[in-house]
Protein chains: 2
Amino acid sequence: MTAHTPAQARVIEAALALFAEHGIGGTSLQMIADAIGVTKAAVYHQYNTKDEIVLAVAEVVLAGLEAALASAEASPSPSRAREVLIGGMIDLAVERRRMAGILQRDPVMLRFLEEHEPFRKVMERVNRVVMGGASTPRARVPAAVVASAIAGTVIHPLGRDLSDAALRSELTRQLRKLFGSV
Amino acid sequence: MTAHTPAQARVIEAALALFAEHGIGGTSLQMIADAIGVTKAAVYHQYNTKDEIVLAVAEVVLAGLEAALASAEASPSPSRAREVLIGGMIDLAVERRRMAGILQRDPVMLRFLEEHEPFRKVMERVNRVVMGGASTPRARVPAAVVASAIAGTVIHPLGRDLSDAALRSELTRQLRKLFGSV
DNA sequence: GTCTATAAATCGATAGAC
DNA sequence: GTCTATCGATTTATAGAC
C-alpha cells in the first residue's frame, strides 16, 4: 500500500523536511517545489491539494510506527509488548529526529491525526499497548507522557549535539524509570 | 514591564488561541482581526508586524515561567529548587493547557525562542535548575524529557477530558519517577 | 513528468479619514 | 482606536503545451 512514484517520493521527502522546519502552515507549495527544483505545477501533478501532501507525509511517518506496533502486539505478555513498542518508538524518533517530531507536535498535523479515522485507529492501538490493561482516566496520562517525552526530546535543543546512540540509550534509561521495564 | 493596553490584550488573547489551534504559520492577521471583531488595520495599529504579535504572545507565556523560576532559584538546595520549578511548570501548563503547549511545540515559536536572547536566557536558567549540578551531554536529556513531557501531555488527546486537578496530580506522580523527588 | 501562463483569493503591510 | 481602501507579493490551484 501507499506505492509512491519517484516523483511522489521526492515531494514527500522535501515536504517532511520543510514541515519540520517551518511548520505545516508555514510551508507553501512553492517552497516544496523550490526544494525539489521543479515548478509548482509539477508538484500539483503529483498531489492535487496541499492536504494530500500532508496526508502522504503522515502516512510515511506512521508506517514505521505501525511496523513497531505489529511486532509489539505479537508479544506474549502485555509488559513485553509495551517494552517492544516503546523501544520501537524511540528508535523511530531518534533515527529521524526532527522529522519524526512533527508528527505529534505540529498543530495542523495533530488535527489531521484526530480527524482521519485510520490515524486515530493506529494511535488508539499505540495507547492500548502502552497503557497495558487498565484504561482509567488516570492510567491514560502515562501513555501521553511517554509519547510526548519521546517526540519532544529528540528535537529538543538540549539533545541536538548528542549522537543517535547516546540519545537512544539515555532516552531509554529515562523512560525505563516511568515503568520499571522498557 | 510589558504593559498592555486593553486593545493589545485582546490581540494577544486572540492570537494565543489561534496559534494553539492552527499554528503560528497557519494564523493570519485577518483571522486575529476577525476573532476580535475588528479590521486588520486596527490590529496593525497595535502591532506593526506579525512578528511583534508572536513576540508579545511569547512574553506573556514566558512571564509565568519566569515567576516560577525566580522562586525556584531562591530555594536553599538544588534538589528543592528543581522540585519547586517542575511543580511550577506543571501548574502553568495545566492551567493554560493547549495555550501553554504551543510555546514548546510550534516550529515557528521554537525558532523565536532560540533566536531571541532574552528567551534563550530564561530557557537556560530553566535547564540549569532542572539538571541540578552536572551538565554532561547525557545529563541534558532528563531536562529535555521533563520539558517535553509537561508541554506535550497537557495538550495530548488522552488527557483532554481530565480535570485540572487530576491531570496535575497524575503528571506530578509520573515526573516524580524521573527524579525521586519532585 | 515537467513546463509556461494565469486566475482568483489571500497574505502582510500602509495611507489617510474619522 | 477603528475604519475604508489600497499596494504589491504570495497563496492555492488550473489549463494546456511539450
Side-chain angles (χ1 to χ4, degrees), chain A residues 2-60 102 106-113 115-116, chain B residues 2-60 102 106-113 115-116:
Chain A
T2 344
H4 299 129
T5 66
Q8 284 175 329
R10 284 192 291 272
V11 170
I12 291 173
E13 189 183 2
L16 192 49
L18 287 166
F19 287 172
E21 191 173 352
H22 304 104
I24 296 175
T27 300
S28 70
L29 295 182
Q30 185 68 68
M31 292 164 72
I32 296 173
D34 288 347
I36 305 173
V38 297
T39 62
K40 261 190 303 181
V43 175
Y44 269 104
H45 185 259
Q46 307 301 329
Y47 297 100
N48 291 321
T49 65
K50 188 180 176 181
D51 270 11
E52 282 182 30
I53 297 178
V54 177
L55 196 71
V57 169
E59 276 172 357
V60 165
I102 69 159
D106 194 291
V108 178
M109 185 61 86
L110 283 173
R111 275 204 158 185
F112 245 81
L113 294 212
E115 287 170 7
H116 289 258
Chain B
T2 340
H4 299 129
T5 66
Q8 285 175 329
R10 283 193 291 272
V11 170
I12 292 174
E13 188 184 0
L16 192 49
L18 288 165
F19 288 172
E21 190 174 353
H22 303 104
I24 296 174
T27 300
S28 70
L29 296 182
Q30 185 67 67
M31 291 163 73
I32 296 173
D34 288 347
I36 304 173
V38 298
T39 61
K40 258 193 304 182
V43 174
Y44 269 104
H45 185 258
Q46 308 300 330
Y47 296 100
N48 291 321
T49 65
K50 188 180 176 179
D51 271 11
E52 281 182 30
I53 298 178
V54 177
L55 197 70
V57 169
E59 275 172 358
V60 166
I102 68 159
D106 194 293
V108 178
M109 186 60 86
L110 282 174
R111 276 202 159 188
F112 244 81
L113 295 211
E115 287 171 5
H116 290 258

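Here is the naming used below: chain letters follow the sequence lines, and residue numbers restart at 1 for every chain. Bear in mind the structure is a predicted one, so any value in this text is a computation, not a measurement.
- Closest of all the heavy-atom pairs between B:Gly25 and B:Val108 is N-CG2, 4.2 Å.
- Taking NE2 of B:His22 as the start and CG of A:Asp106 as the end, the distance is 12.0 Å to the nearest 0.5 Å.
- What separates OH of A:Tyr44 from C1' of C:dA5 is a distance of 15 Å, to the nearest Å.
- As rounded to whole Å, 14 Å separates atom P of C:dA7 from atom NZ of A:Lys40.
- Protein atom NZ of A:Lys50 is 13 Å distant from nucleotide atom C1' of C:dC11, rounded to whole Å.
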Taking distance alone, no hydrogens or angles, what donor-acceptor pairs closer than 3.5 Å link side-chain atoms of residues 35-45 of chain A to residues at least two apart or in another chain?
none

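- Atom CD of B:Glu21 is separated from atom CG of B:Leu16 by 12.0 Å, given to the nearest 0.5 angstrom.
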Using atom types as modelled, flag every donor-acceptor pair under 3.5 Å from a side chain in residues 4-13 of chain B to any protein atom, sequence neighbours excluded.
{"residue": "B:Thr5", "atom": "OG1", "partner": "B:Gln8", "partner atom": "N", "Å": "3.1"}
{"residue": "B:Gln8", "atom": "OE1", "partner": "B:Thr5", "partner atom": "N", "Å": "3.0"}

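- Remark: P of C:dT14 and CG of B:Asn48 are 7 Å apart, rounded to the nearest angstrom.
- Of all heavy-atom pairs between B:Pro107 and A:Phe19, the closest is CG-O, 4.2 Å.
- Closest heavy-atom contact between B:Asp51 and B:Phe112: O-CZ, 3.6 Å.
- In this structure, B:Ala41 and B:Pro6 both approach DNA chain D, and ranking their closest nucleotides by distance from the 5' end singles out B:Pro6.
- Distance check: A:Leu18 CG to A:Leu29 CG gives 11.0 Å after rounding to the nearest 0.5 Å.
- Residues A:Val54 and A:Val57 fail the side-chain proximity criterion, which asks for heavy atoms closer than 4.5 Å.
- A nucleotide of DNA chain D counts as in contact with chain A when one of its atoms lies under 4.0 Å from a heavy atom; the first and last such, 5' to 3', are D:dT11 to D:dA15.
- One distance of note links CD of B:Glu52 with CD of B:Gln46; it measures 11.0 Å at 0.5 Å rounding.
- For the contact set between residues 22-31 of chain B and DNA chain D, defined by any heavy atom under 4.0 Å, there are no members.
- Taking the side chain to side chain donor-acceptor pair (under 3.5 Å) definition, one finds that B:Gln30 meets it with B:Asp34, sequence neighbours left out.
- Near DNA chain D, meaning a heavy atom under 4.0 Å away, there are no residues from residues 7-15 of chain A.
- In this structure, B:Asp51 places its CG atom 17 Å from P of C:dC11, rounding to the nearest Å.
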